[in-house]
2 protein chains.
Amino acid sequence: MLSKKSKYAINALLYIAKHEAEQPIPVSRIAEERHIPLKFLEAILTELRNARIVKSKKGKYGGYSLNGTPADIDLAQVVRLFDGAIALLPCVTHDYYQPCEECVDETTCGIRQVALEIRNATVARLKDATLANLIERERQANT
Amino acid sequence: MLSKKSKYAINALLYIAKHEAEQPIPVSRIAEERHIPLKFLEAILTELRNARIVKSKKGKYGGYSLNGTPADIDLAQVVRLFDGAIALLPCVTHDYYQPCEECVDETTCGIRQVALEIRNATVARLKDATLANLIERERQANT
DNA sequence: ATTTTTCCTACCTATTTGGTAGGATTAGTA
DNA sequence: TACTAATCCTACCAAATAGGTAGGAAAAAT
């Protein structure tokens, strides 16, 4: 399951993407419209900014903007940021690799093979799901 | 990521499946051979028994046996038992369904569409990964 | 009776999740 | 300069989950 952080982050990013012309958008507005606790969302957007997925502008009329186009930002980036590795096993992650201590032989491990296939399929789908793609999906579902 | 419970359970089940002729197998033997804490594994096997994935025999020369053939038991069952829903969002699970409270319209939600595709692909692969299948995979990788 | 096993109840610690509180700092505007 | 509206920063917190441990009762085979 995705954490609330990931879900809130995705919702906030989609909100900004859908109101691109009005950037930068203050946290308070996103929090209100998407019913996300203000202070919590503040922390989330700080993380997104540190990861350079959004950029911020301080002071009056400040707020957050996408750092790039909606086609540049995908769910894999967001999920990795807040929930860490996407894979089911640490031995099939790229960035967080760790052997399973109980594993006798990683190269022949059957569970690992399955986990690897699932990871690859999942990552591919999450990378395909850019903000632009999600907005387009919703547009199509609405007709 | 899978919990240790799931990983230990899968390893224990694979161990029993590989030693089918010697059933029932005592917890102590599995714990020793697969380096799993004894008492923890005891609790795990109790859960597997309650779920009727294994069956137990009490007393001397007792232990645990598979309840069915290695082709009957798949990873989806085990993962669901210990880690709950497989999906990324509660709104695309079957058994644990819950709407996302922040969601405006579930039928058009783009994130949901992606989550549903990922869930379906993942569940299919986990169901395909029966104990028999895993053992066969390891046999093939060994040649 | 002894041994070896499962079964049952209770407890425990560390980490993660999902927040909240309060104020300092920055920037635009009058 | 003063005011306002925003981000930024530090600290704290409660509940849930993960990953165990302890001790013994009950059952079954010899």
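Lettering of chains follows the sequences in order, A, B, ..., and the numbering in each one begins at 1. Heavy-atom basis, side chains included; hydrogens, waters and symmetry copies ignored.
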Under 3.5 Å, side chain of [X] to main-chain N/O of [Y], donor-acceptor pair present?
{"X": "Asp72(B)", "Y": "Thr69(B)", "value": "yes"}
{"X": "Thr46(A)", "Y": "Glu42(A)", "value": "yes"}
{"X": "Arg112(A)", "Y": "Cys91(A)", "value": "yes"}

Among side-chain atoms of [X] and [Y], is any donor-acceptor pair under 3.5 angstrom?
{"X": "Asp74(A)", "Y": "Thr130(A)", "value": "no"}
{"X": "Gln140(A)", "Y": "Glu136(A)", "value": "yes"}
{"X": "Tyr8(B)", "Y": "Arg34(B)", "value": "no"}

May I have the distance from His35(B) (atom NE2) to dG20(D) (atom C1'), rounded to whole angstrom? 18 Å

Roughly, in whole Å, what's the span from CG in Leu81(B) to C1' in dA18(D)?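 Value for this atom pair: 16 Å.
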
Proximity to DNA chain D (any heavy atom under 4.0 Å), residues of residues 39-60 of chain B only: Lys39(B), Phe40(B), Lys57(B), Lys58(B), Gly59(B), Lys60(B)

Using a strict heavy-atom distance below 4.0 Å, which residues from residues 3-21 of chain A are in contact with DNA chain D?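 Residues of residues 3-21 of chain A that come under 4.0 Å of DNA chain D do not exist, since none gets that close.
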
Between Asp83(A) and Leu38(A), just flag the one whose closest nucleotide in DNA chain C comes earlier from the 5' side. Asp83(A)

Find which nucleotide of DNA chain C each of Pro26(B) and Leu2(A) is nearest to by heavy atoms, and output the residue with the more 5' nucleotide. Pro26(B)

Quick check for you: name the first and last nucleotides of DNA chain C, 5' to 3', having an atom under 4.0 Å from a heavy atom of chain A.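 Boundary nucleotides touching chain A, in 5' to 3' order, are dG18(C) to dT29(C).
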
If you draw a 6.0 Å radius around CD in Glu32(B), do more than 12 non-hydrogen atoms from other residues or ligands fall strictly inside?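 It does not: Glu32(B) CD has 12 such atoms or fewer within range.
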
Test side chain to side chain contact (heavy atoms under 4.5 Å, CB included) applied to Cys100(A) and Lys7(B), step by step: CA-CA 9 Å; Cys100(A) 296; Lys7(B) 286 209 273 180; 3.6 Å; yes

If you define the side chain from C-beta out and look only at heavy atoms, does anything of Ile118(A) sit under 4.5 Å from Leu126(B)?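 Of all side-chain heavy-atom pairs linking Leu126(B) with Ile118(A), at least one is under 4.5 Å.
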
Qualifying residue for side-chain contact (heavy atoms from CB on, under 4.5 Å) with Pro70(B), from Leu131(B), Leu134(B), Asn133(B), Leu13(B):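 Per the side-chain contact (heavy atoms from CB on, under 4.5 Å) rule, the option paired with Pro70(B) is Leu131(B), out of Leu131(B), Leu134(B), Asn133(B), Leu13(B).
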
